[in-house]
Amino acid sequence: VQLQASGGGLVQAGGSLRLSCAASGDTFNNYAMAWFRQDPGKERLFVAAIIWSGGITSYADSVKGRFTISRDNAENTVYLQMNSLKSEDTAVYYCAARRGRLLSRAPDYDYWGQGTQVTVSS
């Protein structure tokens with residue numbers, strides 16, 4: 001499956017952004033989907049994940065209550081709605097896919113998008 005992330009940009013602290021990740025090349029609802037983020041020189045960190053049906057989600061503690069992951073299987077797209085953004089949310093955000101159950105470690109994901117930069121100014 002190929003993934004294409006979009007929607008990043010520059011936003012002030014307290015603002016909102018919605019990231020999108022469009023999938024192609026395979027049956028989208030075979031995959032659990034996730035968002036990770038990464039600062040330069042640091043490891044890629046889990047942000048949120050959603051099971052193939054959308055019925056189960058998981059979030060990093062740092063984003064709970066502020067970010068919402070969702071998916072539209074008819075549109076082959078997963079979203080990350082980010083509200084109440086903080087400067088520490090600044091990073092490159094990556095979408096990822098794996099067959100099977102929802103997991104939160106980057107090495108467990110087989111397919112990755114190209115990343116989209118999110119910058120939050122304080």
Side-chain angles (χ1 to χ4, degrees):
V1 66
Q2 292 80 48
L3 304 175
Q4 180 75 35
S6 62
L10 174 64
V11 64
Q12 287 190 329
S16 298
L17 279 175
R18 188 176 80 156
L19 305 183
S20 299
C21 176
S24 61
D26 198 355
T27 304
F28 184 60
N29 60 11
N30 284 339
Y31 295 88
M33 300 295 297
W35 289 95
F36 289 79
R37 64 188 183 188
Q38 188 172 26
D39 290 326
K42 296 188 177 180
E43 67 177 318
R44 198 165 289 188
L45 299 177
F46 174 74
V47 175
I50 188 166
I51 202 170
W52 69 272
S53 65
I56 299 174
T57 58
S58 178
Y59 295 92
D61 287 343
S62 59
V63 307
K64 278 181 184 175
R66 299 188 299 122
F67 291 9
T68 302
I69 189 170
S70 61
R71 65 190 294 160
D72 184 337
N73 286 347
E75 296 293 328
N76 293 347
T77 302
V78 62
Y79 302 98
L80 185 68
Q81 178 66 44
M82 305 186 294
N83 298 330
S84 303
L85 282 161
K86 305 175 182 180
S87 58
E88 51 262 45
D89 295 318
T90 295
V92 177
Y93 283 71
Y94 297 88
C95 59
R98 70 180 307 277
R99 287 180 174 266
R101 59 194 180 99
L102 186 159
L103 295 173
S104 61
R105 294 175 60 249
D108 292 323
Y109 285 78
D110 301 305
Y111 305 97
W112 292 86
Q114 85 285 9
T116 185
Q117 176 71 48
V118 171
T119 303
V120 183
S121 63
S122 57

Shortest non-hydrogen contact between [X] and [Y], atoms and distance:
X   : Y    : answer
V1  : A23  : CG2-CB, 3.9 Å
F46 : L103 : CE1-O, 4.1 Å
S16 : S84  : OG-N, 4.4 Å
L3  : A97  : CD1-N, 3.9 Å
I50 : S70  : CD1-CA, 3.7 Å
E43 : Q38  : O-CG, 3.9 Å

Can you name the residues that form a side chain to side chain contact (heavy atoms under 4.5 Å, CB included) with A22, not counting sequence neighbours? T77
Please determine if D89 and K86 form a salt bridge, counting it only when a charged side-chain N lies under 4.0 Å from a carboxylate O. no
Do the side chains of [Y] and [X] get nearer than 4.5 Å, heavy atoms only?
X    : Y    : value
F67  : N83  : no
M82  : L80  : yes
Y31  : Y111 : yes
L102 : M33  : no
N30  : W52  : no
Y79  : I69  : no

Which side-chain N or O atoms in residues 112-122 pair as donor and acceptor under 3.5 Å with protein atoms at least two apart or in another chain?
unit_1 : atom_1 : unit_2 : atom_2 : d
W112   : NE1    : Y109   : O      : 3.3
Q114   : OE1    : A5     : N      : 3.1
Q114   : NE2    : A5     : O      : 2.8
T116   : OG1    : G8     : N      : 3.1
Q117   : NE2    : A91    : O      : 3.4
Q117   : NE2    : T119   : OG1    : 3.3

Any chance you could measure I51, atom CD1, to R71, atom CZ, to the nearest 0.5 Å? 9.0 Å
List the steps and the verdict of side-chain contact (heavy atoms from CB on, under 4.5 Å) for R37 and V63. CA-CA 12 Å; R37 64 188 183 188; V63 307; 4.0 Å; yes
Using the benzene-type ring in the case of Trp, are the ring centres of Y94 and F36 under 6.0 Å apart? no
Neighbour count >12 (heavy atoms, 6.0 Å) for atom CD1, I56: no
Name all pairs fulfilling the salt bridge (Lys or Arg N to Asp or Glu O under 4.0 Å) condition that reach into residues 94-103, sequence neighbours left out, sorted by first residue then second.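 The answer is D26-R99.
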